[in-house]
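To keep things clear, I will list the structure first and then write my remarks on it.
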Number of protein chains: 2
Amino acid sequence: MEADTPRVEEYLESIYKLQQDQYPVSTSRLAEHLKLSAPSVSEMVKKLANRGLLSHTEKGVCLTEEGKSIAKKVIRRHRLSERLLTDVLGYRWDEVHDEACRLEHAISSEMEERISESLGNPRTCPHGHPIPDKDGVLVKENVKSLSELKASDRGIIVSVFEEDPRMLKYMASLGLIPDVCVRVEEVAPFGGPMIVCVSGSRYALGREVASRIKVK
Amino acid sequence: MEADTPRVEEYLESIYKLQQDQYPVSTSRLAEHLKLSAPSVSEMVKKLANRGLLSHTEKGVCLTEEGKSIAKKVIRRHRLSERLLTDVLGYRWDEVHDEACRLEHAISSEMEERISESLGNPRTCPHGHPIPDKDGVLVKENVKSLSELKASDRGIIVSVFEEDPRMLKYMASLGLIPDVCVRVEEVAPFGGPMIVCVSGSRYALGREVASRIKVK
DNA sequence: CTTCCATATTAGGTACACCTAACTCTAGGT
DNA sequence: ACCTAGAGTTAGGTGTACCTAATATGGAAG
Ligand SMILES: [Mn+2]
Ligand SMILES: [Mn+2]
Ligand SMILES: [Mn+2]
Ligand SMILES: [Mn+2]
């Protein structure tokens, strides 16, 4: 059951993430996300289908139970690695992604458990995403985008769908991090910016940025 | 200067270790150490020579300055990983080798420095081997094998040249770990066992085991 | 109904890192 | 002097994971 290559893990992880908003995942979106050519992905998808890790129909690819379970294991390792980097080694949240993307393929089940225990079984990564437990159970919180809120609505930031370090740095500089309360002051029409209030300060946020911040 | 594959790193690391006791390293010993066929090693050695990482003469291979410097970087990452595993995650010294052998290829210079700092810049790995500093400076302590001691000689264990988990477990069970003082009670002739005294107990040690324990 | 575009695949090729089988070469033993 | 063991290389081949160029294919727009 084990013994997959880093690349196989990378594909499964990407598919799992992409199928959150596009159910059967198209190979072109997958290629784009993995930064690979369409034929490379096409070929690899065929191999993964042969190994029983996904099914491939005209609509796109869907992970099998086995594929999903490996994907969640990789995501668990990624997020636990991120926590180790921030909580133990003092990384900032904008520095952890690439490092964790390599570590996730190098750590064993044993190490995965040890990290989790040492950190007191954290429930989320530094960006607020839930860490699947060791049996692959992933609690999905009911969240919406900050961009969906109306003037005078409030929300508590749960997570941030963003990996770009510059964007993460920017968000952190405004205090837009998990567990912080945000109040919407004003929403400009025609997809314009939102004025939000965070820990006493007011900022104008682009809709694109706001859509990546999930609140409850 | 960076951007080597895990395999290249593995070769350089092995060559560096082997050239401690056999100066120009023969490709056959290298193949044996890496558990690869002789032709595979022969081929790879040619590539590494082309990249300027080693020179290849009739006597064997010798690392160039660049090859040595990469090798020491990998060894530094390996030993720092081992320390992270034991000191932060609670691994025993017999559990760390394989894990560290994967981690050493996944961690960045940044992470390397952060681990070192977080642990207070440790000077040795859990087995007592020195950790090269970030500029590749490696302090070599003047040690000899426990097996070279005569009856009534004493020594303090510096390091243990052993990776096999069962052997390491055995040594730890007798208290044969770095910084411990050992006294030789008796040396049986014809390469027979040595009777040693460690923290109040006496044990009979095979010569093979004793030769792997370095003392000062 | 045709044209065109996005999506996907096929065809053919590369780099990397491994393998076995077969060959060469050299130093020692008899 | 001759034979042989060990060390090393050459030759030929495999699997993985990527690439570009060319080729289908299924709608939307004209
Ligand atoms: Mn990854
Ligand atoms: Mn994260
Ligand atoms: Mn390694
Ligand atoms: Mn060690």
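Below, chain A is the first sequence line, B the second, and so on; all start at residue 1.
Seen from the ring of A:Tyr16, A:Lys72 does not count as a face-on cation partner, given the 6.0 Å and 45° thresholds.
Between the CG atom of A:Asp4 and the C1' atom of D:dT16 there is a distance of 13 Å, rounded to whole Å. Following rounding to the nearest Å, A:Glu10 (CD) and D:dT16 (P) show an atom-to-atom distance of 18 Å.
Salt bridge B:Glu99/B:Arg102: present, at least one basic N to carboxylate O contact under 4.0 Å. Of the charged side-chain nitrogens involved, at least one lies within less than 4.0 Å of a carboxylate oxygen, so that A:Glu65 and A:Lys68 count as a salt-bridged pair. Between A:Glu112 and A:Lys73, at least one side-chain N (NZ, or NE/NH1/NH2) sits under 4.0 Å from a carboxylate O, which counts as a salt bridge.
OP1 or OP2 of D:dC18 lies within a sub-4.0 Å distance of a side-chain N or O belonging to A:Tyr11.
The ring-ring contact (aromatic ring centres under 6.0 Å, His included) check on A:His97 picks up A:His78, with sequence neighbours excluded.
A 4.5 Å side-chain heavy-atom check between A:Arg76 and A:Lys134 finds at least one atom pair inside the cut-off.
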Give each protein N/O atom lying under 3.5 Å from an N/O atom of nucleotides 5-11 of chain D, with the pair distance.
residue	atom	partner	partner atom	Å
D:dG8	OP2	B:Thr27	OG1	3.3
D:dG8	OP2	B:Ser28	N	2.9
D:dG8	OP2	B:Ser28	OG	2.8
D:dT9	OP1	B:His56	NE2	3.4
D:dT9	OP2	B:Ser42	OG	2.4
D:dT9	O5'	B:Ser42	OG	3.4
D:dT10	OP2	B:Lys46	NZ	3.0

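In 5' to 3' order, the nucleotides of DNA chain C bounding all contacts with chain B (an atom under 4.0 Å from a heavy atom) are C:dA17 to C:dA21.
Pairing each heavy atom of A:Ile157 with each of A:Ile177, the nearest pair is CB-O, 3.6 Å.
By the neighbour-count criterion of 12 heavy atoms within 6.0 Å, atom CG of B:Asn50 is densely surrounded, having more than that number from other residues, nucleotides or ligands.
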